[in-house]
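Working notes, structure below.
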Amino acid sequence: MAEKKKKRILTGDRPTGKLHLGHYVGSLQNRVRLQKEYDTFLIIADVQALTTNFETPEKLSRDVRQVATDYLAVGIDPEVTTIFVQSMVPEIAELTVFYSMIVTVNQLRHNPTIKSEAAQYGYNDMTYGFLGYPVSQAADITFCKANLVPVGEDQLPHIEQTRRIVRKFNNLYAPVFPEPEALVSDIPRLVGLDGKSKMSKSLDNAIYLSDSEEEVNRKVQKAVTDPARIRKTDPGHPEVCTVFEYHKAFNSDEVNEIEEKCRAGKIGCVACKKRLAEVLNNLLEPMRERRVKYEQNPDIVDEILMAGTKKVREIGKKTLEEVREAMHLNYFK
Ligand code: TRP
Ligand code: SF4
């Protein structure tokens, strides 16, 4: 009985590479924390990844498994959380088509995340699939009637679009869907260790969940600090220091003390970085331990994905029956 009453979470990622600490503070941490309280579904959104990778779809199969392995390493428990692959759930594609009738092109064109991504990729004539991926994301979220969507801030326009679709669908046809809510982490977007930009592989400014202790030490060592500080006794300005940003996000126990000492010139940047590297390695160590099992037995990862996909297809079929009923498309009952 109690099981049935649990609210649902749906969230996920595009399989475009290894997950990093930005993903962790932005959303993964919330997912791990909430997975027992909510019935949780994690989508590996390979169709959405195709919007920018349609020329090299063969890359996706590695990245799908990479993301799944990162989920399992971070502490997503496959006994309680359902992990699945978007393209293997045709009900999502079907729902996307129905939703595409009730979303306007202008709504999509004004979506700030679509706009900034299109600029980033240099698209002036973007594909129909790229422009429309928020519609497909609405189908991801609603095919299982999710109530809560833990995401990073950049995803808020998509959740708003989903809510709009849900309201319109429910008003026009029948109240099939709950209006999902976003859950944004209280830690703002984490900058790269160079302090300038978003984390990216080519800039070598991101710490991945799969990084070794040595990699973490190396990356933290070259992180950007307060440029005005030359000697250890110079008073520092933590508000301009990237290392301090990371202490705020990962070291709440010591962050006040570090701030005071930095301002007073009582801690050197070398020691401060060393402490950060320790804190990060302490966080990552249990993930490294969990990862070993899955890397040595990749079949376990595939089995988890197959079982998850099978389970959500059943849920999707039921929802689509309700959708067809609501839209009077159930001709041959
Ligand atoms: N758009 C998300 C991202 O780029 C990935 C995603 C796809 C997603 N479908 C979703 C997130 C559904 C939350 C809910 O990270
Ligand atoms: Fe940054 Fe720490 Fe150096 Fe202060 S002591 S500038 S917080 S690295």
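Residues take their numbers from the sequence shown, with the count starting at 1. Remember, it's 1-based here, ligands and their atoms both numbered in the order they're listed. Given the structure is predicted, the values throughout are model-derived calculations rather than measurements.
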Rounded to the nearest 0.5 Å, the NZ atom of Lys18 sits from the CG atom of Leu209 at a distance of 10.0 Å
So, does [X] use its side chain to make a donor-acceptor pair with the main chain of [Y] at under 3.5 Å?
X      : Y      : value
Asp211 : Ile207 : no
Gln35  : Gly75  : yes
Ser27  : Pro150 : yes

Output yes when the distance from some N or O of ligand 1 to some N or O of Gln137 is under 3.5 Å, and no in every other case.
yes
Looking only at distance, does Arg14 have an N or O less than 3.5 Å from an N or O of ligand 1?
yes
Sub-2.8 Å protein N, O or S atoms surrounding atom 3 (Fe) of ligand 2:
Cys269 SG
For [X], I'd like to know if atom [atom1] has over 12 heavy atoms of other residues, nucleotides or ligands within 6.0 Å.
X      : atom1 : result
Lys317 : NZ    : yes
Arg263 : CZ    : yes
Lys196 : NZ    : no

Please determine which of Lys6, Lys145, Lys5, Arg8 meets the salt bridge (Lys or Arg N to Asp or Glu O under 4.0 Å) test together with Asp39.
Arg8
Closest to atom 7 (C) of ligand 1 among protein heavy atoms sits Gln48 NE2, 3.3 Å
Would you list the atom pairs, donor with acceptor, under 3.5 Å between side chains in residues 180-187 and any protein atom, with sequence neighbours excluded?
{"residue": "Ser185", "atom": "OG", "partner": "Val25", "partner atom": "O", "Å": "2.9"}
{"residue": "Ser185", "atom": "OG", "partner": "Ile187", "partner atom": "N", "Å": "3.0"}
{"residue": "Ser185", "atom": "OG", "partner": "Ile187", "partner atom": "O", "Å": "3.3"}

Numbering the atoms of ligand 1 from 1, which are under 4.0 Å from a heavy atom of [X]?
X      : answer
Val151 : 13 (C)
Val149 : 13 (C), 14 (C)
Ala45  : 7 (C)
Gly12  : 5 (C), 8 (C), 11 (C), 13 (C)
Ile141 : 12 (C), 14 (C)
Leu10  : 12 (C), 14 (C)

Identify the heavy atoms of Gly132 and Leu108 that sit nearest to each other, and give their distance.
CA-CD1, 4.2 Å
Assign the ring pair Phe143 / Phe84 to parallel, tilted or perpendicular, where the plane angle (0 to 90°) is split at 30° and 60°.
perpendicular
Under 4.0 Å from ligand 1, counting heavy atoms only, is it the side chain of Asp140, its backbone, both or neither?
side chain
Is Gln86 touching ligand 1 with its side chain, its backbone, both, or neither, if touching means heavy atoms under 4.0 Å apart?
neither
Audit row: Phe98, Phe177, ring pair (Phe, Tyr, Trp, His ring centres under 6.0 Å) steps and yes/no:
CA-CA 14 Å; Phe98 294 142; Phe177 298 107; over 10 Å; no
So between His158, Glu117, His23, Gln155, whose heavy atom ends up nearest atom 2 (C) of ligand 1?
Gln155
